[in-house]
2 protein chains.
Amino acid sequence: MGADLVPKLQFSLDPKSGVPYYKQIILQIEMAIADNRLTQGDQLPTVRSLAVDLQINPNTVARAYNELEIRGIVNTQQGTGTFISDKPVMIDDVEKERILAEITRPFISKASSYGFTIGEIIDFLKEWGD
Amino acid sequence: MGADLVPKLQFSLDPKSGVPYYKQIILQIEMAIADNRLTQGDQLPTVRSLAVDLQINPNTVARAYNELEIRGIVNTQQGTGTFISDKPVMIDDVEKERILAEITRPFISKASSYGFTIGEIIDFLKEWGD
DNA sequence: TTTATTGTACTAATACTTTAATACAACAAT
DNA sequence: ATTGTTGTATTAAAGTATTAGTACAATAAA
């Protein structure tokens, strides 16, 4: 049946962090995608299994998966599971820029308020992988 | 008495945006700093005057100013007012990188999950000013 | 068709966030 | 010292977010 199930991911929750559980799950998935531990078609743990694993309610896991689905990051089918989506083929370049701008604006705004310049940020990003 | 008071800024609140008032104020100040409408030493409107202006409670304005103060963006003195801080002279380069990394990580993580690459992001930032 | 697997809906309890009312305290100017 | 300015503290009300309990529904596999 294709895609591996997932000991690829090791989820963990920090109850003291102040970050809600469902957001911690989202962040861990986002990070895993960012560094290619998760890629197109990979199945996420089932709502129930992850809930048992983390000792939380299934709805909390479902909520995380739902938000990711709304963003198009995963797709979900009842009876089947939740999978990492194909990266959106953003056909429309204008739309693509719009989304990137939307993500970028608050980042630049905050960085600037700390005194960082665009130049510094670019230089920093060039080193990001290392 | 030095620094101008401030018709430099035109604050406005959108009650329908879902963004809390105090956060809207913070964002508007961050943006104003980012594009140099506010610079070192500029005085912000007083807690009271801005509260009257926006027809909200002074504490709501104070809360915005407080968060900015905690971040070192403004400094505040009772009886005197709230002023844009000197940009922190981050003497320690390591510390500087640490802060920038902290701001950058969630941004990259989210952008990646949308399928954007670091390269695309850098290219996009190069055009940012235009 | 039955069974096991997967996600979903609804509800309620709890905690946190946001805002305002009101009163207070520090500082500056005179 | 007094007055007017500035930010601050305390409290309470209302809304929102978060999570869990429980029951349900869709799909897949046998």
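Below, chain A is the first sequence line, B the second, and so on; all start at residue 1. FYI, side chains are in, hydrogens and waters are out, and symmetry mates aren't considered; it's all heavy atoms of this structure.
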Nucleotide dA9(C), atom C1' - distance to OH of Tyr65(A) in whole Å
19 Å

As a test of reading the structure: which of dA20(D), dA25(D), dA26(C) is closest to the side chain of Ile56(A), going by heavy atoms?
dA20(D)

Can you see if the side chain of Thr82(B) gets near the phosphate of dG7(D) - specifically, an N or O under 4.0 Å from OP1 or OP2?
yes

Nearest heavy atom decides the nucleotide; on that basis, is Asn66(B) or Asn57(A) closer to the 5' end of DNA chain D?
Asn66(B)

Name the one of Leu13(B), Asn57(B), Ile26(B), Asp14(B) that satisfies side chain to side chain contact (heavy atoms under 4.5 Å, CB included) with Tyr21(B)?
Leu13(B)

With side chain to side chain contact (heavy atoms under 4.5 Å, CB included) as the criterion, how do Arg71(B) and Glu30(B) come out once you've worked through the C-alpha distance, each side chain's angles and the decisive distance to 0.1 Å?
CA-CA 11 Å; Arg71(B) 291 200 222 149; Glu30(B) 281 179 344; 2.4 Å; yes

Round to the nearest Å and state the distance from Gln78(A) atom CD to dT27(D) atom P.
7 Å

Out of dC27(C), dT18(D), dT8(C), minimum distance to the side chain of Arg63(A) belongs to dT18(D)

Determine the sole option in Ile33(B), Ile73(B), Ile25(B) for which the side chain to side chain contact (heavy atoms under 4.5 Å, CB included) test with Leu68(B) is passed.
Ile73(B)

Residues from residues 12-30 of chain B lying under 4.0 Å of DNA chain D - heavy atoms:
none

With the side chain counted from C-beta on, respond yes when Phe124(A) and Glu120(A) share a heavy-atom pair under 4.5 Å apart, and no when they do not.
no

In whole Å, I'd like the distance from the CZ atom of Arg48(B) to the C1' atom of dA23(C).
11 Å

If I take atom CG in residue Leu50(A) and atom P in nucleotide dA20(D), what distance separates them, rounded to the nearest angstrom?
12 Å

Per Thr60(A) side chain, nearest of listed nucleotides dC24(D), dA20(D), dA23(C):
dA20(D)

Please confirm whether any donor atom in the side chain of Asn59(B) sits under 3.5 Å from an acceptor in the base of dT10(D), or the reverse.
yes

How long is the line joining CZ of Phe83(B) and C1' of dA28(C), in whole Å?
12 Å

Could you check Leu54(B), Val52(B), Thr46(B), Val47(B) and say which one makes a side chain to side chain contact (heavy atoms under 4.5 Å, CB included) with Leu50(B)?
Leu54(B)

Rounding to an integer number of Å, can you tell me how far Gln43(A) CD sits from dA28(D) C1'?
12 Å

With a 4.5 Å limit on heavy-atom distance, are the side chains of Ile29(A) and Tyr65(A) in contact?
yes

Give a yes or no on whether the backbone of Gly81(B) and the side-chain of Gln43(B) come within a donor-acceptor separation of less than 3.5 Å.
no

